[in-house]
Structures are given as C-alpha cells and as structure tokens.
Number of protein chains: 2
Amino acid sequence: MPVGRPRAFDLEQALERALVVFWRRGYEGASLPDLTKAMGINRPSLYAAFGNKEALFRKVIERYAAGHASYIRKALKAPTARQVVERLFRGAVELLTGPHNPPGCLLVHGALACNEETDSVRRELVAQRAAGESAVRERFQRAKAEGDLSADSSPADLARFVATIIQGMAVQAAGGASRKELRRVAKLALQVDLLTDR
Amino acid sequence: MPVGRPRAFDLEQALERALVVFWRRGYEGASLPDLTKAMGINRPSLYAAFGNKEALFRKVIERYAAGHASYIRKALKAPTARQVVERLFRGAVELLTGPHNPPGCLLVHGALACNEETDSVRRELVAQRAAGESAVRERFQRAKAEGDLSADSSPADLARFVATIIQGMAVQAAGGASRKELRRVAKLALQVDLLTDR
DNA sequence: CCCATAGTGTACCATTTGGTATAAAAAGGA
DNA sequence: TCCTTTTTATACCAAATGGTACACTATGGG
C-alpha cells in the first residue's frame, strides 16, 4: 500500500543489469548513460532509487558477493581443506568464464584505474577481496585444528595462495583464457603439497 | 646539430615519469593534467614529443617491458626450468612490491576500466602479457626437449600457471600485500610437482 | 473529486576529459 | 642581422562526465 506513483521498473532486475555493466566496464568505465541504458531507466530514477553512482556500485558489490560469488561460502562447507580448495577453484573457474557473464571478476576489475576521489571504491573492493581470503583462512585454521591440515602448515599462507590463484585466474579470464585452460591451472595449483591428501 | 628551439626537458625522464603515473592510475585513470604535472611539461610539448595519450602509453609499455619487466628475459636464461620459475617469482615479487614503484603491475592494472574506444589499449596489454607467457612457454618447451622437464609435462599449462601466479600476485600487491607475504605465495607455488627437481 | 506523494522525462548544470590554434621565444644558418 | 625551424605557454575547443531542477504524471487516501 505505498502511496504515490508506482515505480515502473523492477529494482532487482535493474540492479542486476547495473551489475553486469560494472562487471564489464569497471567502476569508472561504467558511465551514467551506459548504466541507465542497460537498466532501462533514466537518470533521476536511478538517483532516486539508488542514491548515486557510488552507492549503486556498493549495492552491486553486495549483490555480487551474495549471489555470483556465493560459491565461496558454499565451498567452505566441504568436509576437508582439500575439497574446500577444489570447490573454490571449480566455482571460480565457472564464474570467471561463465558464458552469460562478462569474463573475469567484478572485484578484481572493478577499480584499477582510479583518481584520488574514487579511492574509497578501490579500498572497498580490496576489503571485499580480503574478506573472502579471511573466510578461507579461518576455514583452514579449523582444518588445522581438526588435524585435516598438518600442524606445520600456515592457514594464512595457504589462504593467500588460493586467493592469489583465483585472482590470477580472473586476470587470465579477462584476457581471454578459456574454461579448459583455467581448469588446468587449478589442477596444477592443487598439487601444492600442503593441500594434497597424504 | 638540431635546428630550432631546443627541447627544455629530458625525453627519457619525462617518459619514466609518465610511466609511474600510468602505473599508479591506469590508462584511463591518468588524466592529461596528472601526466603533464608529473612530467614537468605542458600539454603541447607532450603532444609534440609523444603524439597523443595513447601513443605515450604505448611508449610507456615498451619502456616497462624493456626495463622494469626485464627480469623475465633474464630469468629465462637460468639453466633449469625450476630455476627459471624461481627467478621469475623472485623478480615479480621485487617488482610488484618495490618500495620505489607503485604496488602492482602496469600491465595488469593498466586497463581494467574501459569503454569501447580504449579497447585497443586493453588488447595491447593483454597481448603484452601473453607475450611474456609465451616466452616462458617456449623456455619450458626447450626444458622438456632437454629432459629437464618430464616428457608428460605440458609447457603451455605450466607457463599459464606461472603467469597466473604472477598476475595474482600483482592483484595482491595492489591490494597491499607485503613482499614477505608474496614470497610465501611463491614458495607454495614452487611446490607444484612438475616444477620440483626429482 | 481533489490532494498529497512519489516516480518519470526533459533539459539543464558545472567540471573534467583529450586535444589544438596561436603567438611568443629560443636556437642555428646564411 | 634576419630568417627558418622547433619548442614553449596560454588560451581555447567540443564532447563527455556525474549530478539535479522542474514540470508532468500516475497512484492511493480522505
């Protein structure tokens, strides 16, 4: 029972379309005309619904983390560290080379070019990536406590290694690497001693 | 014996300063005022000496490949594949976290945000990264022929793996990872079976 | 039926973007 | 000395940027 003229577009759908534009073009590369055209709305509607460009981008990041990148949360539920990593790699490869997505990772490509004003956006993306890495690290710490990872292993180092692989794959995907190629990268990365079942 | 008013700035120095700006800000993030201020020259001087922004950027890439990223060429001269990779990682870590450089890699951060017009710049960077990967792949092919790498190994996969690690480290470095942390990533990556001396 | 409320569309704003026209200035050659 | 050549500095350009004022329109409540 809201009063006033009803919104003529779907919020979720518009957000998803904005997400795709940011994913493809990055924060600064996505212009207002790019966004409004893809979202099918005009500028004042965008500002009324989402605040401004930066606020829209933050909502997009939230959506990305909760949706497209949810493979991370799911992967952490696997019973062993080895399986966690296997699922992380598989999920990453699928996301990064998804035929219906722009190639690459929104969090990696979102903000590379940046002037000092958009620096807060860059920091937000760095924090977002760090959050993912932290979740993996904590999962490895648990694995270590459970004896699933050897006592002399470093959960922090392993988590950073996994994050590095995935971010590297994001760069590779953005450069045109195929799903098959990235799967082979993942296979090699899984040979790292501390992650193998022995 | 050049005729005409002599140039009041040093070409190499100006190019190096432009390189640093592009390195820090990316292609689109580096504005003409950013560049001219850092280079200590004014706009018409820049255009007379380098053509335009894109031409300047291409010269910068050339300089980067020949100078800052020359560790790649040097590393390929190592006697074994294992040592090649060790030197590649060491060189990458030093470059990516050099205290006098912007953190990260110019070729990775150069063009992430991009509209369709600057797409040629993005492709150039992708090609440049691919060239590095190809050089490593060819070195691994030689290693395989020499029996230094096992007969069932894939030089292409290994080269892509190494490139992925380095590009991932570039993202990590841009996000604030320390030299020490990246060295540990490299150490883990070196555990990959096909690269170990057996 | 009218009014308050909220969304839409157009047209605008100042600022910044990459790029240039133009004139003054500094050098060598005749 | 004067003339050609090249660089410098200022001032400008059209286009694009993120953001908004304002009039209009559609809804529900009284």
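Protein chains get the first letters and strands the later ones, always in sequence-line order, with residue 1 at the start of each.
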Across all chains, not counting sequence neighbours, the salt bridge (charged side-chain N to carboxylate O under 4.0 Å, His left out) partners of B:Glu138 are none
Tell me every residue that passes side-chain contact (heavy atoms from CB on, under 4.5 Å) with A:Ala156, counting only those two or more places apart in sequence or in another chain.
A:Arg137, A:Ser154
Under 3.5 Å, N/O pairs linking protein and nucleotides 19-23 of chain C:
| unit_1 | atom_1 | unit_2 | atom_2 | d |
| --- | --- | --- | --- | --- |
| C:dG19 | OP2 | B:Tyr47 | OH | 2.5 |
| C:dG19 | OP2 | B:Lys53 | N | 3.2 |
| C:dG19 | O5' | B:Tyr47 | OH | 3.2 |
| C:dG19 | N7 | B:Arg43 | NH1 | 3.0 |
| C:dG19 | O6 | B:Arg43 | NH1 | 3.1 |

Got a sec? Which of residues 12-21 of chain A come in under 4.0 Å of DNA chain D, heavy atoms?
none
Considering residues at least two apart in sequence or located in another chain, which fulfil the salt bridge (charged side-chain N to carboxylate O under 4.0 Å, His left out) criterion with B:Arg90?
none
Considering residues at least two apart in sequence or located in another chain, which fulfil the salt bridge (charged side-chain N to carboxylate O under 4.0 Å, His left out) criterion with A:Arg58?
A:Glu54, A:Glu124
Tell me every residue that passes salt bridge (charged side-chain N to carboxylate O under 4.0 Å, His left out) with A:Glu62, counting only those two or more places apart in sequence or in another chain.
none
At how many degrees, to 10°, do the end axes of the helix from C:dC1-D:dG30 to C:dA30-D:dT1 meet when each uses five pairs?
10°
Only distances under 3.5 Å count here; give the side-chain donor-acceptor pairs of residues 97-108 of chain B to other protein atoms, sequence neighbours excluded, each with its distance to 0.1 Å.
| unit_1 | atom_1 | unit_2 | atom_2 | d |
| --- | --- | --- | --- | --- |
| B:Thr97 | OG1 | B:Val93 | O | 2.7 |
| B:Thr97 | OG1 | B:Arg179 | NE | 2.8 |

According to the side chain to side chain donor-acceptor pair (under 3.5 Å) rule, which pairs have a member within residues 158-169 of chain B, sequence neighbours left out?
A:Gln172-B:Gln167, A:Glu181-B:Arg160, B:Asp157-B:Arg160
A:Glu28 has an atom CD; how far is it from atom C1' of C:dT17, in whole Å?
12 Å
Can you list every side chain to side chain donor-acceptor pair (under 3.5 Å) pair that touches residues 2-15 of chain A, not counting sequence neighbours?
A:Glu12-A:Arg63
Protein-nucleic acid N or O pairs under 3.5 Å, nucleotides 24-27 of chain C:
| unit_1 | atom_1 | unit_2 | atom_2 | d |
| --- | --- | --- | --- | --- |
| C:dA25 | N3 | B:Arg5 | NH1 | 3.4 |

Under 4.0 Å between any heavy atoms, over every strand shown, what does A:Ala8 touch: base, sugar-phosphate, or nothing? Just pick one.
sugar-phosphate
